[in-house]
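Side chains are part of it too, since the values below use all heavy atoms of this structure and drop only hydrogens, waters and symmetry mates. A note on names: the letters A, B, ... follow the listed sequences, proteins ahead of strands, and every chain is numbered from 1. Here the structure is a predicted model, which means the values were calculated and not measured.
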Amino acid sequence: MVCVRFAPSPTGYLHLGNARVAIFNYLFARHNGGKLILRIEDTDRERSTKEFEESIIEDLQWLGIDWDEFYRQSERFDIYREYAERLLREGKAYECFCTPEDLEREREEAEKKGIPYRYSGRCRDLSNEERRRLRERGVPYTVRLRVPPNRDVSFKDRLRGFVSINTDDFGDFIIVRSDGSPTYNFVVVIDDALMGVTHIIRGEDHLSNTPKQILIYEALGFSLPEFIHLPVILGEDRSKLSKRHGAVSVRNYREEGYVPEALFNYLATLGWNPSEEREIFTKEELIRMFNIDDISKAPAVFNREKLKWMSGIYIREVLDTDTLYRYALPFIRNAGFDLTDEDYVKKVLEKTRDSFDTFTEMTERLKPLLKREIDMSEEALNLLRTEESRMVIETFIEKMKEGINSQEVKRIAKEIQKEKGIKPKIIWQTLRACITGELEGVGVDIIADLLPPEIWKERLQKGLLYVSSSK
RNA sequence: GCCCCCAUCGUCUAGCCUGGCCUAGGACGCCGGCCUUUCACGCCGGAAACGCGGGUUCGAAUCCCGCUGGGGGUGCCA
């Protein structure tokens, strides 16, 4: 049975690149009827926090990803220690008493000479006697894996074919830190093996870690899983997507009011597509069509514009009214609107969903419909100060009966045009300025169908105030 | 520097494996037009790419080699 895992380290919010890795793991697992493990890689106690762990879990759920098993590496240190001791006992690893300063010096020297740095192996051949003495003296030590020199470790990557890296490129590497905590390369192998992970789907940034891990698989006698290294996501400047590119965490887009399904859809089809001209797919369709062998090998540049477009497509074409309402609600609450009766808001959303791509855009767009008191923009006020505008508003109030709707507005507008000879554009812009306080936004006729007549009257009256006060 | 990976419009990609159907298709963005009370939405149209050089072949975006370019890694981070 297929078993994959997503293994974030809780040192920040869920990054878009990691979210995409999670999505591909999820799609692969579900497509193959396998299972997905979520594993929190918090071996680095310095940088890992519970808050980030929680935020990652929340954001994964928000994206619509679910998993079958959950682990936290910080709770498995006993297991790792046992395996480290075994390697030590078997002579496959050794204690290294070099200090970080020693290593730093070695690194600098290598750099100066222009040769690639690799651990000198100073502690590699210490006698058991020397090791014991140093340990007893309380000299802190790390544990290093004994790596065979000059060996080409080659492995098969499902996307790239055979990849070969020479052990001389990295040398004996640390598997247990001097504080006793195990390192990433070590624990990841133990966990993947023990948890029965069959396919390791991860970012390309781990490609060069793979030979190290293979050496650990061998030392521990575990059998190898299949490796699939996904290309990374790049920023507009073609460097790895990072904070300096602006919004790069799922949280950013969630807070900005992007539709989660759209982010899922966008990320899933960034670097992969099912050879169709369509680009909007439900999660179920993506699961059904997913084929990991079709993932592009080249890194992909993240394009916020396209994501925004896709979010808009979900808002205006994909989401049903209830879902739209559910997604919009927190943003509406947050904006402090007062016209928030559920049926009314739903009606508003249905009529206006064509005009925004995200829910923060929505709050801007819907101000005149959801707020009782509106602010008047400078441009709107300027327009209202004209004599024509005064005439439009006065006549409109006269002609407006009890109710108001799109038919009525159009009828009245036409009458004013005929009777007073005012250009339609002026009529409509005046109404818009009066009703919304802006010169652009949702169609005035649509607003007439939605906004209660008393508010219409209220705002028209108020508009008159602006007119007269300017005289 | 060294190691590894990659290469179709500005960007995401289809086509490549199994050469001819490719005068290279779609999407975002951009430009123009239509619709329209404005913006938007929608519709129609347009500009825009096989990195370069060698092979192989009757024929190459598709296969091979080199170059160039891009990316990732080079931690007691993951």
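At the phosphate of U13(B), neither OP1 nor OP2 sits under 4.0 Å from any side-chain N or O atom of N273(A). Between C76(B) and R107(A), a contact under 4.0 Å exists linking OP1 or OP2 to a side-chain N or O.
Protein atom CZ of R304(A) is 19 Å distant from nucleotide atom C1' of C30(B), rounded to whole Å. Between the CG atom of N265(A) and the P atom of C28(B) there is a distance of 13 Å, given to the nearest Å. Atom-to-atom, CZ of F227(A) to C1' of G72(B) comes out at 17 Å; the value is rounded to the nearest Å.
Straight-line distance between the C1' atoms of G33(B) and G20(B): roughly 38 Å, to the nearest whole Å. Comparing A60(B) with U18(B), their C1' atoms are spaced 14 Å from each other, to the whole Å. Spacing of C1' atoms, C21(B) relative to A48(B), comes out at 24 Å, to the nearest Å. Annotation: C52(B) and A24(B) have their P atoms spaced 16 Å apart (nearest Å). Comparing A47(B) with C9(B), their C1' atoms sit 10 Å apart, to the nearest whole Å. C64(B) and U56(B) have their C1' atoms separated by 7 Å, given to the nearest Å. Taking atom C1' in both C6(B) and U13(B), one finds a spacing of 16 Å when rounded to whole Å.
Both D169(A) and A298(A) lie close to RNA chain B; mapped to their nearest nucleotides by heavy-atom distance, the more 5′-ward contact belongs to D169(A). Remark on RNA chain B: of its neighbouring residues T11(A) and V444(A), the 5'-side contact belongs to V444(A), judged by nearest-heavy-atom nucleotide.
Here W428(A) packs flat against the base of U37(B); its ring centre is closer than 5.5 angstrom to the base's six-membered ring, tilted by less than 30 degrees.
Listed nucleotides C41(B), G72(B), A78(B) differ in distance to D354(A); the shortest reach to its side chain belongs to C41(B). Ranking C6(B), U38(B), C76(B) by closeness to the P299(A) side chain, first place goes to C6(B). Checked against U13(B), C4(B), C39(B), the side chain of S296(A) finds its nearest nucleotide in U13(B). Listed candidates were A78(B), A7(B), C76(B). Nearest to the side chain of K297(A) is A7(B). The E440(A) side chain lies nearest to U38(B) when the options are U38(B), U37(B), G70(B). Of the candidate nucleotides C12(B), C76(B), C3(B), C76(B) has the atom nearest to the side chain of I174(A). Each of C3(B), G26(B), G71(B) was ranked by its minimum atom distance to the side chain of E277(A); first place goes to G26(B). Distances were taken from every side-chain heavy atom of L234(A) (C-beta onward) to each of C76(B), G71(B), G26(B); the shortest belongs to G71(B).
Contact annotation for I427(A): no contact, since no heavy-atom pair falls under 4.0 Å across all strands. Residue S164(A) is classed as a sugar-phosphate contact, given heavy-atom separations below 4.0 Å to backbone atoms only. Across all strands, V301(A) comes closer than 4.0 Å only to sugar-phosphate atoms, never to a base (heavy-atom distances). Residue contacts shown for R432(A) include a base, since a base heavy atom lies under 4.0 Å away. At the heavy-atom level, D157(A) lies nowhere under 4.0 Å from the strands shown. Nucleic acid contact for R316(A): sugar-phosphate only, since backbone atoms but no base atoms lie under 4.0 Å from a heavy atom of the residue. Counting non-hydrogen atoms under 4.0 angstrom, T43(A) reaches the backbone sugars and phosphates but no base. Counting any heavy atom pair closer than 4.0 Å across all strands shown, T430(A) reaches no nucleic acid atom. Residue contacts shown for L207(A) are limited to sugar-phosphate atoms, with no base heavy atom under 4.0 Å away. Contacts of K240(A) with the nucleic acid, taken as non-hydrogen atoms under 4.0 Å apart, involve only primed sugar atoms and P, OP1 or OP2. Using a 4.0 Å heavy-atom distance criterion, Y266(A) is classed as making no nucleic acid contact. Looking at heavy-atom distances under 4.0 Å, S275(A) makes contact with sugar-phosphate atoms alone, never a base. H229(A) comes within 4.0 angstrom of nothing in the nucleic acid, heavy atoms only. Residue R47(A) is in base contact, counting any heavy-atom pair closer than 4.0 Å across all strands shown.
In this structure, F227(A) and H229(A) have parallel ring planes: the angle between them is below the 30° cut-off, well short of the 60° mark. Using cut-offs of 30° and 60° for the angle between ring planes, the F28(A) and F290(A) rings count as perpendicular.
Just one of L366(A), V442(A), D449(A), L451(A) meets the side chain to side chain contact (heavy atoms under 4.5 Å, CB included) condition when paired with V348(A); it is L366(A).
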*Could you check Y184(A) against H206(A) for ring pair (Phe, Tyr, Trp, His ring centres under 6.0 Å), going step by step and ending with a plain yes or no?*
CA-CA 11 Å; Y184(A) 164 75; H206(A) 288 292; 5.2 Å; yes
*asked:* With side chain to side chain contact (heavy atoms under 4.5 Å, CB included) as the criterion, how do L16(A) and F302(A) come out once you've worked through the C-alpha distance, each side chain's angles and the decisive distance to 0.1 Å?
replied: CA-CA 9 Å; L16(A) 287 177; F302(A) 176 72; 3.5 Å; yes
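Counting atom types as modelled, N209(A) pairs a side-chain N or O with a base atom of A78(B) as donor and acceptor under 3.5 Å. With hydrogens and angles ignored, a donor-acceptor pair under 3.5 angstrom links the side chain of R365(A) to the base of C39(B). Between the side chain of S178(A) and the base of C76(B), at least one donor-acceptor pair of N or O atoms lies under 3.5 Å.
Listed here is the closest heavy atom pair of F264(A) and L63(A): CD1-O, 3.4 Å.
A side-chain donor-acceptor contact under 3.5 Å links H245(A) and D237(A). A donor-acceptor contact closer than 3.5 angstrom links the side chains of E350(A) and T321(A).
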